[in-house]
Structure formats: C-alpha cells, structure tokens
Amino acid sequence: MRAKLFGVCALLAAGAAQGERVSEPYAKVGDWEIIAENHKECGMRRLYGSSVAEKEQALFVLYDAQRQVALLGWAMRKPPFPPLGGPIHLDLAFLKGSSMNESWGNQPFQIQKGDVDGYVATHIFAGSTDTQRILRDIASHDTVALFLGPMVMMSHRLDASDAVAKLRECASKIAAQNSVDPPQR
C-alpha cells in the first residue's frame, strides 16, 4: 500500500498523463528516497507510516535545476479538510528546534485525488530565488508544517540536509546532460 501512495505522489506531481513515466532510483539517504523522473527532474520522497492506514502520509519534493522549479507535495490517504475543486490556501512554516520560521506565509496548494485511495496537495516554487530558498529551508530545518488558519493540517520531521544535497546533485547531472543533449520533441 505504501508503494501505491508514493506512486500517486509521483504520477500527480510529474504529470504522467503527458507520457509514460520513467522513474529511476538515484540514492537513499536516511528515510528519503531520491529518484530521477523522466530524465528531466529529480525528486525526493519520504513516507510517514502509521499503524492506521488512513493516517499514512508522505512528503515529496521535485526539482528541475534547468528550469529552476521546485514542487513541494504532501500526500495523504484521508484529507483533514473537505477536498475542494480549486486551491486551498495553507500557511507554510518551518521549525528549527522550538522556533518557527513563518516567512513563507500563506501559499495556494492544489488538491488532487489520486488513482488509488488518497489525495495530494502540491505547491510549485518558480524562479531561482524561491526555488533555492525552499530547498535551503527543507535542508536546514527540523520540521515542516502546514496550517489552515489556527489548525495544524500536517507537521512532519524532515532530517533532510543530506537528502537535499543528493537531490541537487541528481538534478544538476540531469540539467548538464540535457544542456549537452537537448530532448527531442
């Protein structure tokens, strides 16, 4: 069942409807799995298991170094809010120790239903400044949290410093390869 949850993450985030998805393992760093997706971006994902299947969740980050785009995703079996057709605005915060860094503030997350049981909430960070900042925040903080008003929707331990370094390495290799040998259309 955990593999299906990860599959939902990757399919929805990578836009698999555009063509056949090619996912290749790149590295495993702690609880994070780093993968190369479709020879154009890299991703890292981590499952937060539970003895109750409905409470299983996952975090994932996709990074395209060439386009300077990152996507932060949160996959859940049963959303803590009613799934809506449009975006839901959530406050994105990172914690280090007991201090909270609320510098991201309110961000629109797209909510999508997966092919199997579950939903995925995603937000895209575009441009070099925001893309590099979100990767730094994920690497340098202990916890990520999403709030809907005063309610905590999700809060997960990251421990992602080394995983983000591998994600950057993977994405840089793909960007270098694509700049030498551009994809054919």
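In this chain, numbering begins with 1 at the start of the sequence shown.
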Cut-off 3.5 Å, no hydrogens considered: what does the side-chain donor-acceptor table look like for residues 59-72, sequence neighbours left out?
| residue | atom | partner | partner atom | Å |
| --- | --- | --- | --- | --- |
| Y63 | OH | Q68 | NE2 | 3.3 |
| Y63 | OH | Q132 | NE2 | 3.0 |
| D64 | OD1 | Q66 | N | 3.0 |
| D64 | OD1 | R67 | N | 3.0 |
| Q68 | OE1 | Q132 | NE2 | 2.8 |
| Q68 | NE2 | A65 | O | 2.8 |

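- Under the 4.5 Å side-chain heavy-atom criterion for ILVMFWY residues, no single connected hydrophobic cluster contains both V52 and M154.
- Here the closest non-hydrogen pair linking T143 and S155 is CG2-OG, 3.4 Å.
- With sequence neighbours excluded, no residue forms a salt bridge (charged side-chain N to carboxylate O under 4.0 Å, His left out) with R136.
- Distance CG/D130 to CG/D137: 10.5 Å, rounded to 0.5 Å.
- Residues forming a ring pair (Phe, Tyr, Trp, His ring centres under 6.0 Å) with H156 (at least two apart in sequence, or on another chain): Y48.
- A distance of 15.5 Å separates CD1 in I35 from NZ in K166, rounded to the nearest 0.5 Å.
- In the hydrophobic clustering of ILVMFWY residues, with side-chain heavy atoms under 4.5 Å counting as a link, W32 and I174 come out apart.
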| Could you walk me through whether R45 and E33 pass the salt bridge (Lys or Arg N to Asp or Glu O under 4.0 Å) check? | CA-CA 5 Å; R45 57 191 176 194; E33 179 184 357; 3.2 Å; yes
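- Pairing each heavy atom of A75 with each of V120, the nearest pair is CB-CG2, 4.2 Å.
- Applying the ring pair (Phe, Tyr, Trp, His ring centres under 6.0 Å) rule to F147 yields no partners; only residues at least two apart in sequence or on another chain are considered.
- Expressed to the nearest 0.5 Å, how far OH of Y119 lies from NZ of K78 amounts to 10.5 Å.
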| task | Test side chain to side chain contact (heavy atoms under 4.5 Å, CB included) on R157 and D142 and set out the steps. | result | CA-CA 6 Å; R157 186 134 182 86; D142 300 327; 3.4 Å; yes
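- Annotation: D162, atom CG; neighbour count of heavy atoms from other residues, nucleotides and ligands within 6.0 Å does not exceed 12.
- Under a hydrophobic clustering in which Ile, Leu, Val, Met, Phe, Trp and Tyr are joined whenever their side-chain heavy atoms come within less than 4.5 Å, directly or via other members, I34 and I134 fall into the same cluster.
- One finds the CZ atom of R46 at 4.0 Å from the CG atom of D31 (value rounded to the nearest 0.5 Å).
- Applying the ring pair (Phe, Tyr, Trp, His ring centres under 6.0 Å) test to F125 and every residue at least two apart in sequence or in another chain returns W104, H123.
- Note that CD of Q57 and CG of L47 are 9.5 Å apart. Values are rounded to the nearest 0.5 Å.
- Among all heavy-atom pairs drawn from C42 and A36, the shortest one is SG-CA, 4.2 Å.
- When all heavy atoms of S50 and E56 are compared, the closest pair comes out as N-CG, 3.8 Å.
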| query | Stepwise, does the side chain to side chain contact (heavy atoms under 4.5 Å, CB included) test hold for L92 with V144? | reply | CA-CA 8 Å; L92 172 61; V144 61; 3.7 Å; yes
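- Within a 6.0 Å radius of CG in L148, other residues, nucleotides and ligands contribute more than 12 heavy atoms.
- Taking the salt bridge (charged side-chain N to carboxylate O under 4.0 Å, His left out) definition, one finds that D159 meets it with nothing, sequence neighbours left out.
- Heavy-atom minimum distance, P87 versus Q110: CB-NE2, 3.4 Å.
- Nearest heavy atom pair, residue A160 against residue I138, reads CB-O, 3.8 Å.
- One finds the CG atom of L158 at 9.0 Å from the NE2 atom of H141 (value rounded to the nearest 0.5 Å).
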